[in-house]
Structure formats: C-alpha cells, structure tokens
Amino acid sequence: MSDKKQIGEADGPYDIDDLANSPDELANSHLDLGSVLMPVVEGGQVTVEMSADHDPEAVYLVTPVGRIGIHAFAAPRSGGLWREVVRELAESLRSDGATTSIEDGHWGREIVARVPGGMHRFIGVDGPRWMVRCMASGPEEAGEQLGQLARAVLAETVVRRGDQPYPPREVLPIVLPPVLSEQVAAAQRQRATEEEAAAPTSQLLTDAPSASAGGSGTESAQDVHPGGAVAQSASATVFSEAPDVLDEALDPDAAGPEPIVDEPVVDEQEPPQAPSQGSALSRLRRRRSR
C-alpha cells in the first residue's frame, strides 16, 4: 500500500489503479464520468453537452474565470501521444483562424489558442495506455488564473482506462452518474413539453430533485457535501447539440457568468485521415459575429 497515491496530493492525473482511495471516498469531491473522475471546483457549476444522438458528449466545470473540460483518450503502450497531438492540434486551430502559441507547463507543452473575445488552453498528459486532455476556455484577461485552475483540476483528475480494447486516439466513453442522468432525462422531458415555443436547448433544471436540499435522491442530506460533486450535479445545466439554434444554447445567462467563452471542445482529436470538424473555434466565430 505504501506505493499507492492519495487524492489531495496534487500528484495526478492519477490512474485509478494507482490510488489508495476508494470510489466511495471520491463521491462528493469528483464527478464520476466513467473514464474520467473530475474534481469539482468550489462555487462552480456543472454543464452537460449532449450529441445529436442524445448521448453525453462532454461535461464541463463552469467557474467565474472560465470553463474546464477533460477528456481521456486511448493511447499506445509506448506513450508519447500528446507530443504528436500538440503539433496536429495547433495546426488545426490555426486553420480555424486562431492565433496559437506553445507554452511550457507543469507536464510539458501546452497549447494556447487566442480568438476574438477569448482564449482556449489545451493541456495534455500521457498515462498508462491513456492520454488525458484538459481544455480551459475563458476571457483572455482571466487567462493566467484560468490556467492555474485548470492545472489544479488536472492534478486531481483520475482516469479509469478499463481493459476494453480501443484504438489509439479514440475518446474513452463518458458515462453519466445517476444524478446527472436524472438531469438529462428531466431536461428532455421538459423540452418535449415546450415545443410550441422556440424551446431553448439549454435550461437550468430547477424542477429536478435537489441533492443539497435533501431532495428525493438516493443520498441523504447529511451524505451530501454542500457545493460538492453530488450537489453540483443536481443543479446541472444540459445542452443539446443543435447547430441551427447554437446561439441560444450558448446564452451566457444559462451557461454561467457572461465572460465565459462557452464553446464545445474539439473532440475529434485530429486522426490523420480526417481533420477535426465542428471545432470550438469555428463555432466561437459564429457566436462572436452575431
């Protein structure tokens, strides 16, 4: 047990097999998303982005200085995937109109992409048969603070690779915990009842059970840490991927504080045969040109 790591040491991102902590110990501090256990931020909010097929595509932490999302990817045993991705991702971002630079961070190279109205920072770390990538988006004036927060989140992130055979670069699947699944189901029901109006694709689920208030969830009030992962999940905001109403989905009143550049992450991690499509930067330009 002496070689096991403990959450709270900021020595991550951790492989779940290397942790001494049990999943139960992480229930209130981390969002368990299947392949990734992401620590929540005090005072933050949780947003879930759904694909056109109604599958969870991304989960973000929305903070006063910006938005943070984490994805895990399958990687070869030999490692070194992030070194390859840095070059390809920077080229893809430049082709989308961003001004990019490479900075040295705690784990090595980080990509900073600047666009009118905001910036994105990409941080990648190689692990055993996985690579984890953090994307932090926010206003440029908060860039330094957001970068520090993103590194702190990444340093406490846990990756659950599993034994399934995935080709290198494939995004490891996101599985929503029950509390977030309830929010998604409630959003879909609520949206279905509002079709007579121009139903927004983002809505705060105020009618959902509130874990922090004791609600009707499975956890009792004393088991839920105020502001923790369970409480934040119980008040999550759900986004639908609907290109024709993307601007409404990015309503800053629904997504969090006004300065946040609330754009979808670049999920297609540049396979050589197919460039990334529907990228964050192209969508950001559409929003800023309103």
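Quick note: numbers below take in every heavy atom, side chains included, and nothing from hydrogens, waters or symmetry partners. If you read the sequence from its start, that first residue is 1, and numbering goes on from there.
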J.: Which heavy atom of Ala74 sits nearest a heavy atom of Pro167, and at what distance?
T.: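 Taking Ala74 first and Pro167 second, the nearest heavy atoms are CB-O, 3.4 Å.
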J.: Tell me whether Leu37 shares a hydrophobic cluster with Val125, the cluster being built from Ile, Leu, Val, Met, Phe, Trp, Tyr side chains joined at under 4.5 Å.
T.: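 Unlinked, Leu37 and Val125 end up in two clusters.
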J.: Would you compute the distance between atom OH of Tyr60 and atom CE of Met135 and round it to the nearest 0.5 angstrom?
T.: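 Reported to 0.5 Å precision, the distance equals 6.5 Å.
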J.: Closest heavy-atom contact between Asp15 and Val158?
T.: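 Smallest interatomic distance, heavy atoms only, reads C-CG1, 4.5 Å.
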J.: Hey, what do you get for CG (Leu89) to CZ (Arg133), rounding to the nearest 0.5 Å?
T.: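 Leu89 CG to Arg133 CZ: 6.5 Å, rounded to 0.5 Å.
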J.: Going through the distances and angles, do Leu26 and Ser29 end up as a side chain to side chain contact (heavy atoms under 4.5 Å, CB included)?
T.: CA-CA 5 Å; Leu26 307 179; Ser29 62; 4.3 Å; yes
J.: Looking only at heavy atoms, what is the nearest atom pair of Leu146 and Gly138, with distance?
T.: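 Here Leu146 and Gly138 meet closest at CD2-N, 3.7 Å.
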J.: Step through the shown structure and confirm whether more than 12 heavy atoms of other residues, nucleotides or ligands are within 6.0 Å of CD on Glu42.
T.: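 No, CD of Glu42 has 12 or fewer neighbouring heavy atoms, counting only those of other groups under 6.0 Å.
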J.: Test Leu61 against Met38 for side chain to side chain contact (heavy atoms under 4.5 Å, CB included), laying out the working first.
T.: CA-CA 9 Å; Leu61 302 176; Met38 183 165 56; 4.0 Å; yes
J.: Are the side chain of Gln145 and the backbone N or O of Gly66 linked by a donor-acceptor pair below 3.5 Å?
T.: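 No; zero donor-acceptor contacts below 3.5 Å.
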J.: What are the two closest non-hydrogen atoms of Pro173 and Ser35, and how far apart are they?
T.: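 The answer is O-OG, 2.9 Å.
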J.: Write out all pairs satisfying salt bridge (Lys or Arg N to Asp or Glu O under 4.0 Å) with one or both partners inside residues 149-161, taking only residues at least two apart or from two chains.
T.: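 The answer is Asp32-Arg160, Glu110-Arg151.
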J.: Can any side-chain N or O of Glu84 pair as donor or acceptor with the backbone N or O of Leu81 at less than 3.5 Å?
T.: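 No; judged by distance alone, with no hydrogens or angles, the pair does not exist.
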J.: Assess whether side chain to side chain contact (heavy atoms under 4.5 Å, CB included) is satisfied between Arg109 and Asp104, documenting all intermediate values.
T.: CA-CA 5 Å; Arg109 289 181 290 181; Asp104 288 328; 4.2 Å; yes
J.: With hydrophobic residues grouped by side-chain heavy-atom distances under 4.5 Å, do Ile7 and Val153 end up in a single group?
T.: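 No; Val153 is not reachable from Ile7 via cluster members.
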J.: Give the minimum heavy-atom separation between Ala229 and Ala27, together with the two atoms involved.
T.: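 It is CB-O, 3.6 Å.
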J.: Can you check whether Ile102 reaches Ile111 side chain to side chain, under 4.5 Å on heavy atoms?
T.: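 Heavy-atom side-chain distance check passes, below 4.5 Å.
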J.: Quick one: do Val115 and Leu93 satisfy side chain to side chain contact (heavy atoms under 4.5 Å, CB included)? Show the steps, please.
T.: CA-CA 10 Å; Val115 296; Leu93 291 164; over 6 Å; no
J.: Taking the side chain as every heavy atom from C-beta outward, state whether Asp55 and Ile174 have any atom pair closer than 4.5 Å.
T.: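 Side-chain contact under 4.5 Å: no.
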J.: Please determine whether the number of non-hydrogen atoms from other residues, nucleotides or ligands lying under 6.0 Å from atom CD of Gln148 exceeds 12.
T.: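 For Gln148, atom CD is crowded (more than 12 foreign heavy atoms under 6.0 Å).
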J.: What pair of heavy atoms forms the shortest contact from Ser95 to Ser92, and how long is it?
T.: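 It is OG-O, 2.6 Å.
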J.: Keeping the roles fixed (side chain from His71, backbone from Val36), state whether a donor-acceptor pair exists under 3.5 Å.
T.: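 Answer holds: no.
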J.: Roughly how far, to the nearest 0.5 Å, is the NE2 atom of His106 from the CG atom of Leu154?
T.: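 Result: 9.0 Å between the selected atoms.
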J.: Met131 pairs by side-chain contact (heavy atoms from CB on, under 4.5 Å) with which of Val159, Val85, Leu172?
T.: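 Answer to the side-chain contact (heavy atoms from CB on, under 4.5 Å) test with Met131 among Val159, Val85, Leu172: Val85.
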J.: Look at the side-chain heavy atoms of Ile, Leu, Val, Met, Phe, Trp and Tyr, link any pair under 4.5 Å apart, and say whether Val48 and Ile68 land in one connected group.
T.: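 In one cluster with Val48: Ile68, yes.
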J.: Find out if a path of hydrophobic residues (ILVMFWY) with successive side-chain heavy-atom gaps under 4.5 Å connects Ile16 to Val132.
T.: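 No: no chain of side-chain contacts under 4.5 Å links Ile16 to Val132.
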J.: As an exercise, state the distance from OG1 of Thr99 to CE of Met119, rounded to the nearest 0.5 Å.
T.: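 The CE atom of Met119 is 11.5 Å from OG1 of Thr99, to the nearest 0.5 Å.
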J.: By the definition side-chain contact (heavy atoms from CB on, under 4.5 Å), identify the one residue from Asn21, Thr157, Leu19 that meets it with Tyr14.
T.: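 Of all the options given, the one that passes is Leu19.
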J.: To the closest 0.5 Å, what do you measure between CZ (Arg83) and CD (Glu88)?
T.: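 These two atoms lie 12.5 Å from each other.
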J.: Give, for atom OG1 of Thr100 and atom CZ of Phe122, the distance between the pair rounded to the nearest 0.5 Å.
T.: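 These two atoms lie 10.5 Å from each other.
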